[in-house]
Asker: 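Below are the structure tokens for one structure; questions will follow.
Quick caveat: nothing in here was measured; it's all calculated off a predicted structure. We count residues from 1, following the sequence as given.
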Amino acid sequence: MDGIIVRALAGFYYVRPEAGGDLIECRARGKFRLAGEKPLVGDKVTISMTADGKGVVETIHSRKNAFVRPPVANIDCMILLASGVNPITDPFLIDRITAIAEVNDAECIICINKTDLHPGDDLFNIYTAAGFHTIRTSAVTGEGVDELRTAIKGKVCAFVGNSGVGKSSILNALEPGFTVKTAEVSEKLGRGRHTTRHVELFPLSGGAEVADTPGFSSFDIEKMELTVKETLQYAFLEFAPYLGHCEFRDCAHLTERGCAVLEAKREGKIEPTRHASYVRLYNQAKEIKPWERK
């Protein structure tokens, strides 16, 4: 039968059958280990049943994306929480995550959080202009919560953002008791007995699923491979109208003469902070050797 892995722990994979019903505890075939593959939470799989009512993962279906830390696959949408106050989010962090999301075929929604304390106008204006679905949110007043709930309906999501920006508060606003539920799962599985915290898909009543680990660890951005420098330009949505219109075909959009992207920046059509992040990411990508890539 077909299903989706919703929990991975200590070599066991818990599969929710496509047809519905209870989770099935599975092991994976040895062929995956020999091939250097590993089933991940979020994987769509085919399993066979054993006589004791448990299962074996036989096939891992093709993925739209996969991440290293936490190990999860097939993320539809990254919800990036940022704030204009306590802590103030560095736009470069946002730009790095949005570029990673674009490279990995994942939608990115920007939530300017803690608007009860600060409206975050600068961040809101930058990312609205860049073409991202940008929502002002507050767990205190409820602003934007319904809009966010609608935006993620039916999607497998990951909430990311710098520490203290309010990820758990927004998750609790979306689904009251969410942090309590994940804490209970953690205790049941025994945090003290496992050195690696498990990853799980948690369903929200609004129809979305959240990939997270107990404690709401954010995605380890340093473990996410970005892209080769030549394709980074496509990860910046607002560059799209100008690509292919530069004087030089191999234009890197850094300082070149006749660059359409730079001209758009000069005309105010591209935010300077966004282009500055592009340059910084380009220079980082340039340092990655081919053999260092996965």
Asker: Enumerate donor-acceptor pairs with a distance under 3.5 Å from any side-chain N or O in residues 31-41 to protein atoms, sequence neighbours excluded.
Answerer:
{"unit_1": "Lys31", "atom_1": "NZ", "unit_2": "Glu58", "atom_2": "O", "d": "2.8"}

Asker: Sub-3.5 Å donor-acceptor pair from the side chain of Arg136 to the main-chain atoms of Pro119, do we have one?
Answerer: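 Yes; at least one donor-acceptor contact below 3.5 Å.
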
Asker: For Glu238, enumerate each residue passing the salt bridge (charged side-chain N to carboxylate O under 4.0 Å, His left out) test, keeping only those at least two apart in sequence or located in another chain.
Answerer: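 Here the qualifying residues are Arg274.
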
Asker: How long is the straight-line distance from CD of Glu247 back to CD of Glu256, given to the nearest 0.5 Å?
Answerer: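 Going from CD on Glu256 over to CD on Glu247, the span is 10.5 Å.
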
Asker: Only counting residues at least two apart or in another chain, list the ones meeting side chain to side chain donor-acceptor pair (under 3.5 Å) with Asp76.
Answerer: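 Applying side chain to side chain donor-acceptor pair (under 3.5 Å) to Asp76 gives Lys64.
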
Asker: Could you give all pairs that pass the side chain to side chain donor-acceptor pair (under 3.5 Å) test and reach residues 147-157, with sequence neighbours left out?
Answerer: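 Side chain to side chain donor-acceptor pair (under 3.5 Å) check on residues 147-157 returns Glu107-Lys155, His133-Glu147, Asp146-Arg149.
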
Asker: Please identify each residue that fulfils side chain to side chain donor-acceptor pair (under 3.5 Å) with Thr128, with sequence neighbours left out.
Answerer: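 For Thr128, no residue satisfies side chain to side chain donor-acceptor pair (under 3.5 Å) once neighbours in sequence are set aside.
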
Asker: Does Asp2, at its CG atom, have more than 12 non-hydrogen atoms belonging to other residues, nucleotides or ligands within less than 6.0 Å?
Answerer: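 Buried by this count: over 12 neighbours within 6.0 Å.
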
Asker: If I take atom CD1 from residue Ile5 and atom SG from residue Cys26, how far apart are they, to the nearest 0.5 angstrom?
Answerer: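 So the CD1 of Ile5 and the SG of Cys26 are separated by 7.5 Å.
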
Asker: Using only heavy-atom distances, determine whether the side chains of Thr46 and His61 contain a donor-acceptor pair under 3.5 Å.
Answerer: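 Per modelled atom types, Thr46 and His61 side chains form a pair under 3.5 Å.
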
Asker: Would you kindly say whether Asp116 and Thr141 are connected by a side-chain donor-acceptor distance under 3.5 Å?
Answerer: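 Short answer, no.
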
Asker: Considering only residues two or more places apart or on different chains, which pairs with a residue in residues 17-28 satisfy side chain to side chain donor-acceptor pair (under 3.5 Å)?
Answerer: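 Counting only pairs at least two positions apart or across chains, the side chain to side chain donor-acceptor pair (under 3.5 Å) contacts touching residues 17-28 are Tyr14-Glu25, Glu25-Lys54.
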
Asker: Would you indicate whether Tyr234, at its atom OH, is surrounded by more than 12 heavy atoms from other residues, nucleotides or ligands within a distance under 6.0 Å?
Answerer: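 Incorrect, the count does not exceed 12.
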
Asker: Got a second to check how far Ile112's CD1 is from Thr137's OG1, nearest 0.5 Å?
Answerer: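 Going from the CD1 atom of Ile112 to the OG1 atom of Thr137 covers 8.0 Å.
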
Asker: Run the side-chain contact (heavy atoms from CB on, under 4.5 Å) test on Ser48 and Arg29 for me, step by step, so that the C-alpha distance in whole Å, both residues' side-chain angles and the decisive distance to 0.1 Å come before the verdict.
Answerer: CA-CA 10 Å; Ser48 61; Arg29 288 285 184 205; 4.2 Å; yes

